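Just so it is clear, the structure is predicted and the values come from calculations on it, not from any experiment.
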Amino acid sequence: VFLALGLLVQFNNPDYFQYFFPFVILFSLITVFRKAPVDNPENPIVDSNEQRRLKRMSVIILLVFLLLAAIASFYYSWMAASILLGIVWQVFTLTSWGHMFYNCWDQILGSIETIFQRKEGYSDD
């Protein structure tokens with residue numbers, strides 16, 4: 001996915017940054033406020049203070065990267081686009097569509113893995 005995002009940056013038109021940047025700000029802030037932090041089923045976050053702390057840290061990190069993208073847009077548009085695409089991707093992984101995407105890839109890669117695994121008791125002799 002990150003390689004594809006890197007390739008997309010090559011086709012970045014700096015004129016679209018002014019339209020893309022507000023979309024990323026809106027989408028990412030709303031999603032982080034609503035979805036972060038995401039629980040791990042094996043290690044759920046049960047403490048509400050810990051949840052608030054993690055949410056606050058998520059928002060701060062997001063704002064830092066948005067600020068870096070804004071600063072980079074004045075000097076290197078490709079760097080600003082890279083930061084924004086990375087933000088969009090990471091925020092997408094918080095959504096239910098992002099979870100479905102990863103589950104789908106896990107199943108595909110798991111089935112490919114079983115094809116290439118040796119059967120128990122198989123020998124090259």
Side-chain angles (χ1 to χ4, degrees):
V1 170
F2 288 106
L3 292 175
L5 292 176
L7 289 173
L8 281 175
V9 170
Q10 291 182 16
F11 303 107
N12 175 39
N13 184 346
D15 297 334
Y16 294 129
F17 185 82
Q18 64 186 354
Y19 304 111
F20 187 54
F21 191 62
F23 165 76
V24 172
I25 291 172
L26 188 64
F27 171 69
S28 59
L29 285 174
I30 289 171
T31 305
V32 167
F33 275 121
R34 293 184 69 218
K35 302 286 185 176
V38 175
D39 276 337
N40 181 344
E42 293 153 11
N43 189 12
I45 307 166
V46 292
D47 183 19
S48 62
N49 290 330
E50 182 69 6
Q51 285 179 337
R52 281 194 297 275
R53 186 185 74 76
L54 290 172
K55 185 180 292 282
R56 193 171 34 249
M57 290 302 297
S58 298
V59 170
I60 289 169
I61 290 169
L62 174 63
L63 292 174
V64 166
F65 276 101
L66 289 171
L67 179 64
L68 288 173
I71 293 169
S73 70
F74 293 111
Y75 304 103
Y76 305 106
S77 64
W78 58 269
M79 187 182 296
S82 298
I83 293 169
L84 292 181
L85 284 174
I87 289 171
V88 168
W89 178 252
Q90 287 300 309
V91 170
F92 172 71
T93 62
L94 295 175
T95 66
S96 56
W97 285 12
H99 292 271
M100 286 189 302
F101 179 83
Y102 269 113
N103 288 336
C104 199
W105 274 106
D106 281 345
Q107 289 176 357
I108 291 169
L109 295 175
S111 63
I112 291 172
E113 181 183 26
T114 58
I115 292 170
F116 290 105
Q117 284 181 341
R118 289 188 175 179
K119 301 289 184 204
E120 194 170 326
Y122 176 79
S123 133
D124 285 333
D125 299 23

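- In terms of heavy-atom proximity, Thr114 sits nearest to Ser111 at OG1-O, 2.7 Å.
- Applying the side chain to side chain donor-acceptor pair (under 3.5 Å) rule to Asn49 yields the partners Arg52; only residues at least two apart in sequence or on another chain are considered.
- Remark: Glu50 engages Arg53 in a side chain to side chain donor-acceptor pair (under 3.5 Å) (not counting sequence neighbours).
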Would you mind writing out the side-chain donor-acceptor pairs for residues 55-67 within the sub-3.5 Å range, not counting sequence neighbours?
from: Lys55; atom 1: NZ; to: Phe33; atom 2: O; distance (Å): 2.6
from: Lys55; atom 1: NZ; to: Ala36; atom 2: O; distance (Å): 2.6
from: Ser58; atom 1: OG; to: Leu54; atom 2: O; distance (Å): 2.9

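- Using a 4.5 Å cut-off between side-chain heavy atoms of Ile, Leu, Val, Met, Phe, Trp and Tyr, with links allowed through other members, Leu26 and Val32 fall into different hydrophobic clusters.
- Residues that satisfy the side-chain contact (heavy atoms from CB on, under 4.5 Å) test with Tyr102, not counting sequence neighbours, are Trp89, Thr93.
- With sequence neighbours excluded, the residues that form a ring-ring contact (aromatic ring centres under 6.0 Å, His included) with Phe21 are Phe17.
- Note that the OH atom of Tyr76 and the CD1 atom of Ile83 stand 12.0 Å from one another [nearest 0.5 Å].
- One hydrophobic cluster, built from ILVMFWY side chains closer than 4.5 Å, holds both Leu109 and Phe101.
- No single ILVMFWY cluster, assembled from side-chain heavy atoms under 4.5 Å apart, contains both Val24 and Ile30.
- Rounding to the nearest 0.5 Å places CG of Asp106 at 10.5 Å from CD of Glu113.
- Cluster annotation: Trp97 is connected to Leu94 through the hydrophobic network of ILVMFWY side chains, with a link wherever side-chain heavy atoms come within less than 4.5 Å.
- Between the OG1 atom of Thr31 and the CD1 atom of Ile87 there is a distance of 12.0 Å, given to the nearest 0.5 Å.
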